[in-house]
Asker: 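Let me begin by handing over the structure; questions about it come next.
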Amino acid sequence: MARASRKTATASRKTPSAGRATGAVVWPPDPDRVEAIFARLSAVMPEPKTELNFSSPYTLVVAVALSAQATDVSVNKATDRLFAVADTPEKMLALEEEGLIPYIASIGLYRNKAKNVIALSRIVLEQHGGEVPLTREALQALPGVGRKTASVVLNELEIEPAIAVDTHVFRVSHRLGLANAGTPDKVEAQLHQVVPEAWLPKAHHWLILHGRYTCVARKPKCDACVIRDLCPSVALGLND
């Protein structure tokens, strides 16, 4: 597997956070350390899955699109009611925007999301026979579906070992020294360079769940972390 040339960036004593790269550790990381990280995460989370509720590729796309800048918990509360009445493009279009809004009004940016869900439902129905297209290009052509959303869908449905870089993945990747780039797309590229192929299919889930419950943005739970001794940020005191 190709790896970038070794670089050492300027040291920083600040805690890495989403939206900002850190230059406190060497990249690319030692392959043995990366292997150990994912082996341990696999041991404690053998079958990681998205925490969004869905029953089909269509409801998965809608749920992920609704989850932008919202928690999975808040989205599930909304979609539990929504999908009970509209779990297909036809049923969603029958609701129309004004009928959809009451179901998702508790989610941030709900008006724009309602517009996108109706628009993507129309395209799925009229251009794809009611079946969600499962190629990256076709998915990203749907309203409200960007690269990150497409990556989540393709990964969850085991179509592509994609790594969707959200705030959790961005933060954890930097703290662990798996990446040091400053944008989600560049972090994604770095992760594909350093994560062993065998771990790629579930790497997204391990990183996001580790970031959601252990390597949290403020006061990371290092004492409860199974990879604490493999984390360069702990060794450098960056998480203090």
Asker: Could you please spell out the steps behind the side chain to side chain contact (heavy atoms under 4.5 Å, CB included) verdict for L95 and L82?
Answerer: CA-CA 10 Å; L95 280 180; L82 172 62; 3.8 Å; yes

Asker: Test V195 against F38 for side chain to side chain contact (heavy atoms under 4.5 Å, CB included), laying out the working first.
Answerer: CA-CA 8 Å; V195 176; F38 286 100; 3.9 Å; yes

Asker: Short question: side chain of N155, backbone of A162 - any donor-acceptor pair under 3.5 Å?
Answerer: yes

Asker: Crowded around K186 NZ? As in, over 12 foreign heavy atoms under 6.0 Å?
Answerer: no

Asker: Could you check whether any side-chain heavy atom of R147 comes within less than 4.5 Å of a side-chain heavy atom of R136, counting everything from C-beta outward?
Answerer: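 In short, these two side chains touch, coming nearer than 4.5 Å.
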
Asker: Does D223 have any salt bridge (Lys or Arg N to Asp or Glu O under 4.0 Å) partners at least two apart in sequence or in another chain, and if so, which?
Answerer: R228

Asker: Can you see which heavy atom on I118 is nearest to which on L93, and at what distance?
Answerer: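 Here I118 and L93 meet closest at O-CD2, 3.5 Å.
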
Asker: Do side-chain atoms of R33 reach the backbone of L176 as a donor and acceptor pair under 3.5 angstrom?
Answerer: yes

Asker: Just so I know, are the side chains of V153 and P57 near enough to count as touching, which here means a heavy-atom distance under 4.5 Å?
Answerer: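 Not in contact.
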
Asker: What ring-ring contact (aromatic ring centres under 6.0 Å, His included) pairs are there with at least one residue in residues 79-126, not counting sequence neighbours?
Answerer: none

Asker: Between the side chain of N180 and the main-chain N/O of W27, is any donor-acceptor distance below 3.5 Å?
Answerer: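 Checked: no pair found.
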
Asker: Is there a donor-acceptor contact under 3.5 Å from the side chain of S74 to the main chain of T71?
Answerer: yes

Asker: Side chains of V132 and L60: closer than 4.5 Å at any heavy-atom pair?
Answerer: no

Asker: Please check if the number of heavy atoms outside E96 that lie under 6.0 Å from its CD is greater than 12.
Answerer: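 For E96, atom CD is not crowded (no more than 12 foreign heavy atoms under 6.0 Å).
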
Asker: Is K202 reaching over with its side chain to a backbone N or O of K49, donor-acceptor style, under 3.5 angstrom?
Answerer: no

Asker: With the side chain counted from C-beta on, respond yes when K221 and C215 share a heavy-atom pair under 4.5 Å apart, and no when they do not.
Answerer: no

Asker: Are the charged groups of R40 and D229 less than 4.0 angstrom apart, N to O?
Answerer: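 Here R40 pairs with D229 in a salt bridge, since their nearest N and O are under 4.0 Å apart.
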
Asker: Using the side chain to side chain contact (heavy atoms under 4.5 Å, CB included) rule, pick out the option among V145, V75, L52, T50 that qualifies with V64.
Answerer: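 Single side chain to side chain contact (heavy atoms under 4.5 Å, CB included) partner of V64 among V145, V75, L52, T50: L52.
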
Asker: State, to 0.1 Å, how close L178 and V194 come at their nearest heavy-atom pair, and which atoms those are.
Answerer: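 That closest heavy-atom pairing would be O-CG2, 3.6 Å.
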
Asker: State whether K148 and E188 are salt-bridged, where the test is any N-O pair (Lys NZ or Arg NE/NH1/NH2 against Asp/Glu carboxylate O) under 4.0 Å.
Answerer: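 No, K148 and E188 are not salt-bridged.
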
Asker: With a 6.0 Å cut-off (strictly less than), is the heavy-atom count around CD of E131, excluding the residue itself, greater than 12?
Answerer: no

Asker: May I ask you to test the V152-T149 pair for a side-chain heavy-atom distance under 4.5 Å?
Answerer: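 No - every pair of side-chain heavy atoms lies 4.5 Å or more apart.
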
Asker: Could you tell me whether the side chain of H174 reaches within less than 4.5 Å of the side chain of S233, counting heavy atoms only?
Answerer: no

Asker: Do the side-chain N and O atoms of H205 and E156 include a donor-acceptor pair separated by under 3.5 angstrom?
Answerer: yes

Asker: Give a yes or no on whether the backbone of T59 and the side-chain of S56 come within a donor-acceptor separation of less than 3.5 Å.
Answerer: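 Yes; judged by distance alone, with no hydrogens or angles, the pair exists.
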
Asker: Taking the side chain as C-beta and beyond, is there a heavy-atom pair between P220 and T214 under 4.5 Å?
Answerer: no

Asker: Can you tell me how far apart CZ (R122) and CG (L142) are? Round to the nearest 0.5 Å.
Answerer: 13.0 Å

Asker: Once you round to the nearest 0.5 Å, how far does NZ of K115 lie from CG of L100?
Answerer: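 That separation rounds to 13.5 Å.
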
Asker: Is a donor on one side and an acceptor on the other found under 3.5 Å between the side chain of D166 and the backbone of I208?
Answerer: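 Not a single qualifying donor-acceptor pair exists.
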
Asker: Measure from the side-chain N and O atoms of W206 to the backbone N and O of M45, and report whether any donor-acceptor pair falls under 3.5 Å.
Answerer: yes

Asker: Using modelled atom types only, decide if a donor and an acceptor are shared between the side chain of T88 and the backbone of K91 within a distance under 3.5 Å.
Answerer: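 Yes, T88 side chain to K91 backbone: donor-acceptor pair under 3.5 Å.
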
Asker: Within a strict 4.5 Å, meaning less than it, do heavy atoms of the V62 and L66 side chains meet?
Answerer: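 Touching, per the 4.5 Å side-chain cut-off.
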
Asker: Going by the salt bridge (charged side-chain N to carboxylate O under 4.0 Å, His left out) test, which pairs reach into residues 61-84, not counting sequence neighbours?
Answerer: D72-R212

Asker: Using every non-hydrogen atom in the two residues, find where Q140 and A150 come nearest and quote the distance to one decimal.
Answerer: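 Nearest pair, atom of Q140 first, then A150: CG-CB, 3.7 Å.
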
Asker: Please report the interatomic distance CZ(R111) to CG(N116), rounded to the nearest 0.5 Å.
Answerer: 14.0 Å

Asker: Quick one: does any side-chain atom of K113 pair with a main-chain N or O of A68 as donor and acceptor, under 3.5 Å?
Answerer: yes

